[in-house]
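What follows is one structure encoded as structure tokens, with my remarks underneath.
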Amino acid sequence: MAWSTPMLMEDTSIKVMEAVLAEQIDFLYRQGVTDFYTGCALGVDMWAGEAVLSLMELHPEVKLHCIVPFAGQERKWTDEQQARYHAMLRRSSETVIVQEKYDKECYFNRNRYLVDHAAVLLAVYDMQANKRSGTGYTVHHTQAQGKPVIAIDPDNFCIILSGIDAA
């Protein structure tokens, strides 16, 4: 399971989104998913990664794989953001650095890695808007591979299931 989307939200919306992400991660765990992949971006990727770390405390078979687009991606982040990021990496089951240096393809390479290794994608994305973005690319790449997508609408927190049985 992988997820995608860095985003800016109001504090109240962040708390709601964190709760919705945790619920969906728990849903996936109950469906048998034990390996979770994060792209390690600020926002949704970090919140979902932290939710998986909490799940790992209850279920030791759960694994968090941190997929970093390039070495040093956090260099320009605040001290607090860097501390949370490094704590997540330390507690994760695996850290993969996709490439050593930044270039214009590093995020797409990271996203392709996520899709290639995960069985399902959890994304914060408006499926109706169909915007061109890194998350949009990742959602469409996942669907093109015939893999299921769980999309959380960033405006109303509704869940859209694509290619997955909700039972």
Pair up each side-chain donor or acceptor in residues 68-77 with any protein partner under 3.5 Å, not counting sequence neighbours, and list the distances.
unit_1	atom_1	unit_2	atom_2	d
Q73	NE2	C40	O	2.8
E74	OE2	H86	NE2	3.3

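Inter-residue side-chain proximity for M88 and T95 is flagged as unmet; no heavy-atom pair is nearer than 4.5 Å. Looking at heavy atoms from C-beta onward, C106 lies out of side-chain contact with V98 at the 4.5 angstrom threshold. Side-chain atoms of V115 and T138, non-hydrogen and from C-beta on, do get closer than 4.5 Å to each other.
With no hydrogens or angles considered, no side-chain donor-acceptor pair links E94 and Y37 at under 3.5 Å.
Around atom CD of E61, more than 12 heavy atoms belonging to other residues, nucleotides or ligands sit under 6.0 Å away.
Between G39 and R110, the shortest heavy-atom contact is O-NH1, 2.7 Å. The shortest heavy-atom contact between E23 and R30 is O-NH2, 4.5 Å. The nearest pair of heavy atoms linking V149 to V120 is N-CG2, 4.4 Å. The shortest non-hydrogen separation linking M46 to A41 is CG-O, 3.0 Å. Across every non-hydrogen atom of C66 and S92, the tightest pair is SG-CB, 3.5 Å. Here the closest non-hydrogen pair linking A118 and K147 is O-NZ, 2.8 Å.
Applying side-chain contact (heavy atoms from CB on, under 4.5 Å) to T38 and the options V44, I67, L64 leaves one that passes, L64.
Between the CD1 atom in I159 and the CG atom in L122 there is a gap of 7.5 Å [rounded to 0.5 Å]. Summarising the geometry, atom CG belonging to L42 is positioned 4.5 Å from atom CD belonging to Q81; distances are rounded to the nearest 0.5 Å. Taken from CG in L53 to CD1 in I25, the straight-line distance is 9.5 Å, to the nearest 0.5 Å. Distance check, rounded to the nearest 0.5 Å: NZ of K63 to CZ of F36 gives 12.0 Å. The OG1 atom of T34 sits 11.0 Å away from atom CG of L28, with the distance rounded to the nearest 0.5 Å. The distance from atom CD of E105 to atom CG of N111, rounded to the nearest 0.5 Å, is 11.0 Å.
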### Message
Would M17 and I152 count as a side chain to side chain contact (heavy atoms under 4.5 Å, CB included) here? Give the steps.
### Response
CA-CA 9 Å; M17 183 59 71; I152 303 169; 3.8 Å; yes
### Task
Start with the C-alpha gap between D26 and L55, add the side-chain angles, then the distance that decides, and say whether side chain to side chain contact (heavy atoms under 4.5 Å, CB included) holds.
CA-CA 8 Å; D26 185 63; L55 188 64; 4.3 Å; yes
### Task
List the steps and the verdict of side chain to side chain contact (heavy atoms under 4.5 Å, CB included) for I14 and W47.
CA-CA 9 Å; I14 289 171; W47 304 332; 3.6 Å; yes
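Y102 and L114 fall into different hydrophobic clusters, where Ile, Leu, Val, Met, Phe, Trp and Tyr side chains are chained together by heavy-atom contacts under 4.5 Å. No path of Ile, Leu, Val, Met, Phe, Trp and Tyr side chains, each step under 4.5 Å between heavy atoms, connects Y107 with Y113, placing them in separate hydrophobic clusters.
Here F108 pairs with Y137 under the ring pair (Phe, Tyr, Trp, His ring centres under 6.0 Å) rule; sequence neighbours left out.
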